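Note sheet for the following structure.
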Amino acid sequence: MTIHVKNNIHWVGQRDWEVQDFHGTEYKITKGTSYNSYLIREEKTVLIDTVDHRFSTQFLQNLEMEIDLNTIDFIVVNHAEEDHSGALSALMDKIPGTPIYCTEAAIDSIVGHHHHPEWDFRTVKTGDTLDIGNSKQLIFVEAPMLHWPDSMMTYLTGDAVLFSNDAFGQHYCDEHLFNDEVDQNELMEQCLRYYSNILTPFSSLVTAKIKEVLSFNLPVDMIATSHGIVWRDNPTQIVHQYLAWADHYQEDRITILYDSMSNNTRMMADAIAQGFYDVDPKVAVKVFNVSKHDKNEILANVFRSKGIFVGSSTMNNVMMPKIAGMLEEITGLRFKNKKAAAFGSYGWNGGAVDRIHARLTDAGFETALSLKTKWRPDGQAMRACREHGRQVAKLWALSNEGLVTQSPGQTAAEPTESATPPVADSHPADCQCMICTVCNWVYDPALGEPNQGVAPGTPWDDVPDYFLCPECHLGKEVFVEHGNNGQEAA
Ligand code: FEO
């Protein structure tokens, strides 16, 4: 089946109604997805991306019903992940000499997956063009880390269609292809779920890339993504939405997530939620048990929240494993500009709460009061939990107004108090820091990068070659001396 997109462009992708897991089991798909491939037939015939490897046979069968494969002049691989280039091996078996246009980084990932270094790769950079006849060109735009180092977008002049690959997409399946034809609430819910669970760590890159593309002043009539719908009605709405999501996004929302051995921590969660609502009645308060609720929905709610509470019973003096896993995910997503507080019940020690607090602080949250309750909370302890919710609501409200310089006093139920450590952000002119030219993360030799085994005091020259920027995951080659980067030379 093909679907007409515009003029000589057809969708030749694959719908997947029944898929439930993505990235292993890390992303639960609730509304199906699609793997969008596009065929452009001008004087030259171009195939943009393929489909997931599980649909290789079906993809080729459909494509061969539409065209003689030997008439394909060029293949564009915007991204090598298997959901887009998975069918490439089967396709290249049929047309092995066809040039493949991709980024330099994509050669590594394409060969790494398909093991065919002999394929005719034509590497492109941002601004490179490919003439496809009828006065139309493809313009390539590198988009590293959106979603892999190899990612790029391809723009078709004349038709003004941006083939954006993962960016602006969503895991959503519908027999209709265009954004104006589907349920708008479902669509935007899936867009947010996709952004919050996959693209949040790369928000600074999203902003920079969108500004770069906008600076080209190219008209955009459609944005043809690699998952879900094609944006044709007000296509730049999703671009503006991405800019908002990438800018430390938050709503008037609180998310409380917990795991509970004996229902005690759950009781605390309910009371804290009530207390927060007492003080902040307009706020949306959502409560999730991480062992029972959809993990990706929880993370989407964290993304939307101005603050989160994370709770766990203490088990063997540590937190419960599902909370530990969730904190690992939250750390990896690198949320910005959010507040957090830990809580939990315990029997003879309360190690879980302390560990949660430390993990939230390390993950970049502005951490507030923690709260521990011994054994099952009685009426007095439940009142204290509710009062704790009230106190944190007041603290966060005041903090948002810039009025708070220290935490308030303790509540009655054995709270502990911690302050967020100050972050050093000064760089003298003679500093030895290096800055990532992609995302502006700064390597300070005095601090090293212990997460990658680089000890404090390690000069840049001694940082191992396997080092990756913690923010954008690119290598040492994208770093320059801090003072040499015009953006950060203050
Ligand atoms: Fe849809 Fe990064 O693959």
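Counting convention: from 1, in listed order, for ligands and their atoms alike. Just so it is clear, the structure is predicted and the values come from calculations on it, not from any experiment.
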Main chain of Ser56, side chain of Gln58: is a donor-acceptor contact present, judged purely on distance under 3.5 Å?
no
Counting N and O atoms only, with roles assigned by atom type, does the side chain of Asn296 sit under 3.5 Å from a partner on the main chain of Glu26, one being a donor and the other an acceptor?
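Indeed, once roles are kept as given, a pair shorter than 3.5 Å links the two residues.
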Short check: any N/O/S atom of His147 below 2.8 Å from atom 1 (Fe) of ligand 1?
no
Check all N, O or S atoms of Asp166 and name the one closest to atom 1 (Fe) of ligand 1.
OD1
Output the atom name for the N/O/S atom of His84 with the smallest distance to atom 1 (Fe) of ligand 1.
NE2
Report whether any nitrogen, oxygen or sulfur of Asp83 sits less than 2.8 Å from atom 2 (Fe) of ligand 1 (N, O or S, backbone or side chain).
no
Within the stated cut-off of 2.8 Å, is an N/O/S atom of His79 closer than that to atom 2 (Fe) of ligand 1?
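Checking atom 2 (Fe) of ligand 1 against His79, an N, O or S atom does fall under 2.8 Å.
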For atom 2 (Fe) of ligand 1, find the closest N/O/S atom belonging to Glu81 and write down its atom name.
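Among the N, O or S atoms of Glu81, the one closest to atom 2 (Fe) of ligand 1 is OE1.
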Side chains of His227 and Gln190: donor-acceptor distance under 3.5 Å anywhere?
no
Would you kindly say whether Asp166 and His84 are connected by a side-chain donor-acceptor distance under 3.5 Å?
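Looking only at side-chain atoms, His84 and Asp166 do form a donor-acceptor pair, the distance falling under 3.5 Å.
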Tyr27 ring centre to Arg193 NZ or CZ under 6.0 Å, with the angle to the axis within 45°?
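Checked: cation-pi criterion met.
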